Amino acid sequence: MSTKERVIDGRAIAKGFQSDLREEIESLKKFGIFPKLAVVWVGDDPASGYYFRAKEKLAGELGMGFEGLHLQKSTNTRNLIAKLGSLNQDITVHGILVEFPLPEEIDSRSIQDAIAPEKDVDGVTLISQGKLFAGKESFIPATPYGVIKLLEACEVELQGKHAVVLGRGEVVGKPLAMLLLKANATVTICHSRTKDLKRHTLQADVLCAAVGVPHLVTEEMIKPGAAVIDIGYNALKDGTIVGDVDFEKAKGKAGLITPVKGGVGAMTATMIMANTIQAAKAICSK
Ligand code: NAP
(Lines give C-alpha, C1' and ligand atoms only; values in the text may rest on other atoms or scores of the structure.)
Protein backbone atom coordinates (compact mmCIF):
# COMPACT_ATOMS: atom_id res chain seq x y z
CA MET A 1 0.00 0.00 0.00
CA SER A 2 1.41 3.44 -0.90
CA THR A 3 1.81 6.10 1.78
CA LYS A 4 -0.99 8.09 0.15
CA GLU A 5 -3.38 5.15 0.44
CA ARG A 6 -2.49 4.78 4.11
CA VAL A 7 -3.62 8.32 4.95
CA ILE A 8 -7.28 8.32 5.96
CA ASP A 9 -9.27 10.95 4.10
CA GLY A 10 -11.63 12.08 6.88
CA ARG A 11 -13.15 14.79 4.68
CA ALA A 12 -14.19 12.30 1.98
CA ILE A 13 -15.62 9.90 4.57
CA ALA A 14 -17.49 12.76 6.27
CA LYS A 15 -18.90 13.87 2.89
CA GLY A 16 -20.29 10.35 2.38
CA PHE A 17 -22.09 10.50 5.73
CA GLN A 18 -23.33 14.01 4.97
CA SER A 19 -24.93 12.94 1.75
CA ASP A 20 -26.84 10.18 3.63
CA LEU A 21 -27.88 12.71 6.30
CA ARG A 22 -29.10 15.16 3.66
CA GLU A 23 -31.35 12.47 2.19
CA GLU A 24 -32.64 11.49 5.61
CA ILE A 25 -33.47 15.12 6.44
CA GLU A 26 -35.36 15.49 3.17
CA SER A 27 -37.43 12.40 3.86
CA LEU A 28 -38.14 13.48 7.46
CA LYS A 29 -39.44 16.83 6.20
CA LYS A 30 -42.09 14.95 4.23
CA PHE A 31 -43.38 13.68 7.59
CA GLY A 32 -43.33 17.18 9.10
CA ILE A 33 -40.08 16.65 11.04
CA PHE A 34 -37.55 19.51 10.66
CA PRO A 35 -34.42 18.63 12.66
CA LYS A 36 -32.93 21.69 14.34
CA LEU A 37 -29.71 22.18 16.31
CA ALA A 38 -29.12 25.01 18.80
CA VAL A 39 -25.50 25.91 19.60
CA VAL A 40 -24.45 28.19 22.44
CA TRP A 41 -21.07 29.94 22.35
CA VAL A 42 -20.02 32.00 25.36
CA GLY A 43 -17.18 34.53 25.26
CA ASP A 44 -14.59 35.00 22.55
CA ASP A 45 -12.49 31.83 22.41
CA PRO A 46 -11.50 31.75 18.70
CA ALA A 47 -11.50 27.94 18.44
CA SER A 48 -15.04 27.82 19.85
CA GLY A 49 -16.07 30.51 17.37
CA TYR A 50 -14.60 28.46 14.54
CA TYR A 51 -16.48 25.30 15.65
CA PHE A 52 -19.71 27.31 16.13
CA ARG A 53 -19.55 28.70 12.57
CA ALA A 54 -18.56 25.32 11.12
CA LYS A 55 -21.71 23.76 12.60
CA GLU A 56 -23.87 26.63 11.33
CA LYS A 57 -22.44 26.16 7.83
CA LEU A 58 -22.88 22.39 7.84
CA ALA A 59 -26.45 22.61 9.17
CA GLY A 60 -27.24 24.97 6.26
CA GLU A 61 -25.64 22.63 3.73
CA LEU A 62 -27.65 19.69 5.04
CA GLY A 63 -30.93 21.61 5.05
CA MET A 64 -31.20 21.41 8.83
CA GLY A 65 -32.42 24.16 11.16
CA PHE A 66 -29.81 26.03 13.21
CA GLU A 67 -30.17 28.46 16.09
CA GLY A 68 -26.95 30.11 17.22
CA LEU A 69 -26.63 31.98 20.52
CA HIS A 70 -23.46 33.97 21.13
CA LEU A 71 -23.37 35.23 24.71
CA GLN A 72 -21.03 37.73 26.37
CA LYS A 73 -18.09 36.46 28.41
CA SER A 74 -19.69 38.18 31.41
CA THR A 75 -22.66 35.79 31.30
CA ASN A 76 -22.98 33.83 34.55
CA THR A 77 -23.95 30.23 35.28
CA ARG A 78 -27.52 31.18 36.25
CA ASN A 79 -28.16 33.11 33.01
CA LEU A 80 -26.74 30.34 30.91
CA ILE A 81 -28.85 27.71 32.69
CA ALA A 82 -31.92 29.90 32.04
CA LYS A 83 -31.06 30.09 28.32
CA LEU A 84 -30.66 26.32 28.18
CA GLY A 85 -33.98 25.96 29.99
CA SER A 86 -35.68 27.93 27.19
CA LEU A 87 -34.04 25.78 24.54
CA ASN A 88 -35.09 22.64 26.43
CA GLN A 89 -38.70 23.88 26.32
CA ASP A 90 -38.58 24.95 22.66
CA ILE A 91 -40.36 22.21 20.72
CA THR A 92 -38.72 23.29 17.43
CA VAL A 93 -35.21 22.57 18.84
CA HIS A 94 -34.10 18.92 18.90
CA GLY A 95 -30.40 19.14 19.67
CA ILE A 96 -28.53 21.46 22.06
CA LEU A 97 -24.78 21.89 22.21
CA VAL A 98 -22.65 24.25 24.28
CA GLU A 99 -19.17 25.06 22.97
CA PHE A 100 -16.50 24.26 25.56
CA PRO A 101 -14.33 25.49 27.18
CA LEU A 102 -16.57 27.98 28.96
CA PRO A 103 -15.11 31.03 30.77
CA GLU A 104 -13.57 29.91 34.08
CA GLU A 105 -16.21 31.65 36.21
CA ILE A 106 -18.93 29.41 34.78
CA ASP A 107 -19.60 26.03 36.38
CA SER A 108 -19.21 23.72 33.39
CA ARG A 109 -20.66 20.63 35.11
CA SER A 110 -23.89 22.46 35.97
CA ILE A 111 -24.14 23.69 32.39
CA GLN A 112 -23.62 20.21 30.95
CA ASP A 113 -26.38 18.85 33.19
CA ALA A 114 -28.76 21.70 32.37
CA ILE A 115 -29.24 20.27 28.87
CA ALA A 116 -32.33 18.05 28.55
CA PRO A 117 -30.97 14.48 28.10
CA GLU A 118 -33.21 13.91 25.06
CA LYS A 119 -31.53 16.91 23.34
CA ASP A 120 -27.98 16.17 24.56
CA VAL A 121 -26.48 15.58 21.11
CA ASP A 122 -22.86 15.75 22.29
CA GLY A 123 -23.42 13.28 25.13
CA VAL A 124 -22.20 15.60 27.90
CA THR A 125 -24.85 15.14 30.60
CA LEU A 126 -24.21 12.73 33.45
CA ILE A 127 -27.17 10.71 32.15
CA SER A 128 -25.61 10.26 28.70
CA GLN A 129 -22.17 9.58 30.19
CA GLY A 130 -23.62 7.03 32.63
CA LYS A 131 -25.53 5.25 29.87
CA LEU A 132 -22.40 5.04 27.73
CA PHE A 133 -20.47 3.61 30.68
CA ALA A 134 -23.25 1.06 31.27
CA GLY A 135 -23.26 0.07 27.59
CA LYS A 136 -26.82 1.39 27.10
CA GLU A 137 -28.16 3.28 24.09
CA SER A 138 -27.21 6.97 24.44
CA PHE A 139 -25.99 10.00 22.55
CA ILE A 140 -22.31 9.38 21.87
CA PRO A 141 -19.97 12.38 22.15
CA ALA A 142 -19.30 13.52 18.60
CA THR A 143 -15.51 13.23 18.44
CA PRO A 144 -15.19 9.63 19.70
CA TYR A 145 -18.27 8.74 17.64
CA GLY A 146 -16.47 10.13 14.59
CA VAL A 147 -13.37 8.07 15.40
CA ILE A 148 -15.40 4.85 15.55
CA LYS A 149 -17.16 5.70 12.27
CA LEU A 150 -13.79 6.43 10.59
CA LEU A 151 -12.44 3.07 11.76
CA GLU A 152 -15.59 1.34 10.50
CA ALA A 153 -15.39 3.13 7.14
CA CYS A 154 -11.75 2.00 6.77
CA GLU A 155 -12.76 -1.56 7.73
CA VAL A 156 -10.39 -1.64 10.70
CA GLU A 157 -11.16 -4.77 12.70
CA LEU A 158 -11.58 -4.01 16.40
CA GLN A 159 -12.78 -7.29 17.85
CA GLY A 160 -9.93 -9.01 19.67
CA LYS A 161 -7.47 -6.26 18.73
CA HIS A 162 -5.44 -4.26 21.20
CA ALA A 163 -6.51 -0.62 21.21
CA VAL A 164 -4.43 1.89 23.16
CA VAL A 165 -6.01 5.25 23.98
CA LEU A 166 -3.70 8.06 25.03
CA GLY A 167 -5.65 10.48 27.23
CA ARG A 168 -8.47 9.96 29.72
CA GLY A 169 -10.28 13.26 29.13
CA GLU A 170 -14.05 13.41 29.59
CA VAL A 171 -14.72 14.57 26.03
CA VAL A 172 -12.56 12.19 24.01
CA GLY A 173 -10.30 9.66 25.76
CA LYS A 174 -12.71 8.11 28.27
CA PRO A 175 -15.76 7.81 26.00
CA LEU A 176 -13.58 6.54 23.16
CA ALA A 177 -12.17 3.81 25.41
CA MET A 178 -15.75 2.77 26.28
CA LEU A 179 -16.70 2.59 22.59
CA LEU A 180 -13.64 0.52 21.72
CA LEU A 181 -14.48 -1.81 24.59
CA LYS A 182 -18.03 -2.11 23.29
CA ALA A 183 -16.55 -3.10 19.91
CA ASN A 184 -14.74 -5.95 21.72
CA ALA A 185 -11.24 -4.52 21.53
CA THR A 186 -8.88 -5.04 24.46
CA VAL A 187 -8.33 -1.51 25.67
CA THR A 188 -5.43 0.15 27.46
CA ILE A 189 -5.87 3.75 28.62
CA CYS A 190 -2.72 5.82 29.16
CA HIS A 191 -2.42 9.27 30.76
CA SER A 192 0.09 11.75 32.10
CA ARG A 193 1.13 9.45 34.97
CA THR A 194 1.61 6.38 32.77
CA LYS A 195 5.17 5.08 33.02
CA ASP A 196 6.96 4.13 29.82
CA LEU A 197 4.31 5.17 27.30
CA LYS A 198 6.22 3.53 24.46
CA ARG A 199 5.93 0.07 26.05
CA HIS A 200 2.14 0.45 25.77
CA THR A 201 1.92 2.14 22.38
CA LEU A 202 4.07 -0.54 20.77
CA GLN A 203 1.38 -3.08 21.69
CA ALA A 204 -1.33 -1.15 19.87
CA ASP A 205 -3.04 -2.51 16.77
CA VAL A 206 -5.13 0.65 17.00
CA LEU A 207 -3.51 3.69 18.59
CA CYS A 208 -5.69 6.71 19.39
CA ALA A 209 -4.07 9.88 20.70
CA ALA A 210 -6.23 12.46 22.52
CA VAL A 211 -3.71 14.23 24.66
CA GLY A 212 -3.07 17.78 23.46
CA VAL A 213 0.75 17.48 23.39
CA PRO A 214 2.28 18.27 19.99
CA HIS A 215 4.06 15.29 18.44
CA LEU A 216 4.02 13.22 21.63
CA VAL A 217 3.80 10.05 19.54
CA THR A 218 6.92 9.45 17.52
CA GLU A 219 7.65 6.90 14.82
CA GLU A 220 9.48 4.58 17.27
CA MET A 221 6.34 4.33 19.41
CA ILE A 222 4.21 2.81 16.64
CA LYS A 223 3.80 -0.89 15.95
CA PRO A 224 4.37 -1.44 12.21
CA GLY A 225 1.02 -1.56 10.41
CA ALA A 226 -1.03 -0.12 13.27
CA ALA A 227 -4.03 2.13 12.64
CA VAL A 228 -3.08 5.50 14.14
CA ILE A 229 -5.87 7.97 14.92
CA ASP A 230 -4.70 11.42 15.89
CA ILE A 231 -7.36 13.42 17.71
CA GLY A 232 -4.95 16.07 19.02
CA TYR A 233 -5.35 19.59 17.68
CA ASN A 234 -2.49 21.76 18.91
CA ALA A 235 -1.53 25.29 17.86
CA LEU A 236 2.22 25.94 17.87
CA LYS A 237 3.61 29.42 18.67
CA ASP A 238 3.85 30.25 14.96
CA GLY A 239 0.19 29.35 14.50
CA THR A 240 0.82 25.99 12.81
CA ILE A 241 -1.68 23.33 13.81
CA VAL A 242 -0.22 19.90 14.59
CA GLY A 243 -1.52 16.74 16.17
CA ASP A 244 -0.33 14.53 19.01
CA VAL A 245 1.41 12.31 16.45
CA ASP A 246 4.47 13.22 14.42
CA PHE A 247 2.53 12.61 11.21
CA GLU A 248 5.31 13.05 8.64
CA LYS A 249 7.51 10.38 10.22
CA ALA A 250 4.72 8.14 11.50
CA LYS A 251 2.98 7.77 8.14
CA GLY A 252 5.72 5.46 6.88
CA LYS A 253 5.27 3.10 9.82
CA ALA A 254 1.50 3.06 10.36
CA GLY A 255 -0.83 0.88 8.31
CA LEU A 256 -3.43 3.65 8.37
CA ILE A 257 -3.14 7.14 9.80
CA THR A 258 -5.26 10.28 10.10
CA PRO A 259 -3.80 13.66 9.20
CA VAL A 260 -4.68 16.48 11.59
CA LYS A 261 -6.54 18.61 9.13
CA GLY A 262 -8.94 16.44 7.17
CA GLY A 263 -8.83 13.57 9.65
CA VAL A 264 -10.95 13.15 12.78
CA GLY A 265 -11.92 16.84 12.93
CA ALA A 266 -13.79 16.51 9.65
CA MET A 267 -16.11 13.96 11.26
CA THR A 268 -17.00 15.74 14.51
CA ALA A 269 -19.60 18.24 13.24
CA THR A 270 -21.11 15.54 11.01
CA MET A 271 -21.70 13.29 14.01
CA ILE A 272 -23.43 16.16 15.85
CA MET A 273 -25.82 16.44 12.91
CA ALA A 274 -26.38 12.66 12.91
CA ASN A 275 -27.21 12.80 16.63
CA THR A 276 -29.57 15.75 16.07
CA ILE A 277 -31.49 13.77 13.48
CA GLN A 278 -31.79 10.86 15.94
CA ALA A 279 -33.00 13.29 18.61
CA ALA A 280 -35.57 14.81 16.24
CA LYS A 281 -36.92 11.38 15.31
CA ALA A 282 -37.17 10.29 18.95
CA ILE A 283 -38.77 13.54 20.17
CA CYS A 284 -41.25 13.72 17.29
CA SER A 285 -42.34 10.11 17.66
CA LYS A 286 -43.46 10.66 21.27
P1 NAP B 1 -8.07 16.77 28.20
O2 NAP B 1 -9.42 16.54 28.73
O3 NAP B 1 -7.21 17.86 28.76
O4 NAP B 1 -7.28 15.38 28.33
C5 NAP B 1 -5.95 15.25 28.00
C6 NAP B 1 -5.45 13.90 28.46
O7 NAP B 1 -4.11 13.73 28.04
C8 NAP B 1 -5.45 13.74 29.99
O9 NAP B 1 -6.02 12.50 30.34
C10 NAP B 1 -3.97 13.80 30.36
O11 NAP B 1 -3.62 12.99 31.46
C12 NAP B 1 -3.34 13.22 29.12
N13 NAP B 1 -1.95 13.66 28.96
C14 NAP B 1 -1.45 14.90 29.03
N15 NAP B 1 -0.12 14.89 28.85
C16 NAP B 1 0.22 13.60 28.63
C17 NAP B 1 1.44 12.93 28.37
N18 NAP B 1 2.60 13.59 28.28
N19 NAP B 1 1.43 11.60 28.21
C20 NAP B 1 0.27 10.90 28.29
N21 NAP B 1 -0.93 11.48 28.53
C22 NAP B 1 -0.94 12.82 28.70
O23 NAP B 1 -8.10 17.03 26.62
P24 NAP B 1 -9.22 16.62 25.54
O25 NAP B 1 -10.36 17.55 25.61
O26 NAP B 1 -9.48 15.16 25.64
O27 NAP B 1 -8.43 16.94 24.19
C28 NAP B 1 -7.29 16.22 23.80
C29 NAP B 1 -6.83 16.70 22.44
O30 NAP B 1 -7.87 16.43 21.49
C31 NAP B 1 -6.57 18.20 22.36
O32 NAP B 1 -5.49 18.44 21.49
C33 NAP B 1 -7.85 18.76 21.75
O34 NAP B 1 -7.66 19.97 21.07
C35 NAP B 1 -8.20 17.64 20.81
N36 NAP B 1 -9.64 17.57 20.44
C37 NAP B 1 -9.92 17.44 19.13
C38 NAP B 1 -11.24 17.36 18.72
C39 NAP B 1 -11.55 17.17 17.26
O40 NAP B 1 -12.70 17.26 16.86
N41 NAP B 1 -10.54 16.87 16.44
C42 NAP B 1 -12.28 17.42 19.66
C43 NAP B 1 -11.95 17.51 21.01
C44 NAP B 1 -10.61 17.58 21.38
P45 NAP B 1 -4.16 13.28 32.96
O46 NAP B 1 -5.57 12.81 32.97
O47 NAP B 1 -3.27 12.45 33.80
O48 NAP B 1 -4.02 14.74 33.18
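Below, each value reflects all heavy atoms present in this structure, side chains not excepted, and no hydrogens, waters or symmetry copies. Just so you know, ligand 1 is whichever comes first in the structure, and atom 1 is the first atom listed for that ligand. In this text the structure is predicted, and so the values were computed from the model without any measurement.
- Among all non-hydrogen protein atoms, the one lying nearest atom 32 (O) of ligand 1 is Tyr233 N, 3.0 Å.
- A salt bridge links Glu99 with Lys55; the closest basic N to acidic carboxylate O contact falls under 4.0 Å.
- Neither the backbone nor the side chain of Leu166 comes within contact range of ligand 1; no heavy atom lies under 4.0 Å.
- Looking only at heavy atoms of the protein, atom 36 (N) of ligand 1 is closest to Ile231 O, 3.6 Å.
- Side-chain contact check for Glu105 versus Asn76: every heavy-atom pair is 4.5 Å or farther apart.
- Between Trp41 and Phe52, the ring planes are tilted. Angles from 30° to 60° get that label.
- The distance criterion of under 3.5 Å between nitrogen or oxygen atoms is not met by Arg193 with respect to ligand 1.
- Heavy atoms of other residues, nucleotides or ligands lying less than 6.0 angstrom from NZ of Lys198 number 12 at most.
- Of all the heavy atoms in Val260 and Tyr233, the pair that sits closest is CG1-CD1, 4.0 Å.
- A side-chain donor from one of Asp120 and Ser128 sits under 3.5 Å from a side-chain acceptor of the other.
- Atom 3 (O) of ligand 1 is never approached by the protein to below 4.0 angstrom, counting heavy atoms only.
- Ligand 1 has no atom lying under 4.0 Å from any heavy atom of Cys190.
- By the definition of a contact as any protein heavy atom under 4.0 Å away, atom 27 (O) of ligand 1 is not in contact.
- Close contacts between ligand 1 and Gly167 involve ligand atoms 6 (C), 7 (O), 9 (O) [criterion: under 4.0 Å to a heavy atom].
- Nearest-heavy-atom check against atom 25 (O) of ligand 1 across Asp244, Thr258, Val171, Val242 picks out Val171.
- Remark: distances from the non-hydrogen atoms of Thr194 to ligand 1 are all 4.0 Å or more.
- Atom 48 (O) of ligand 1 has Ser192 OG, 3.6 Å as its closest protein atom, hydrogens excluded (heavy atom only).
- Each of the following atoms of ligand 1 lies closer than 4.0 Å to a heavy atom of Val213: 15 (N).
- Remark: of the listed residues Leu256, Ile8, Val156, Asp9, Ile8 is the sole one forming a side-chain contact (heavy atoms from CB on, under 4.5 Å) with Leu150.
- With a 4.0 Å heavy-atom cut-off, ligand 1 is reached by the backbone of Val211 and by its side chain too.
- Not a single N or O atom of Glu170, backbone or side chain, sits closer than 3.5 Å to an N or O atom of ligand 1.
- Electrostatic pairing of Lys281 and Glu24 counts as a salt bridge here, judged by a charged N lying under 4.0 Å from a carboxylate O.
- Protein heavy atoms all stay at least 4.0 Å away from atom 23 (O) of ligand 1.
- Ser86 places a side-chain N or O within 3.5 Å of a backbone atom of Ala82 that can act as its donor or acceptor partner.
- Val121 and Ile96 fall into different hydrophobic clusters, where Ile, Leu, Val, Met, Phe, Trp and Tyr are joined by side-chain heavy atoms under 4.5 Å apart, directly or via other members.
- Looking only at protein heavy atoms, the nearest one to atom 42 (C) of ligand 1 is Thr143 OG1, 3.3 Å.
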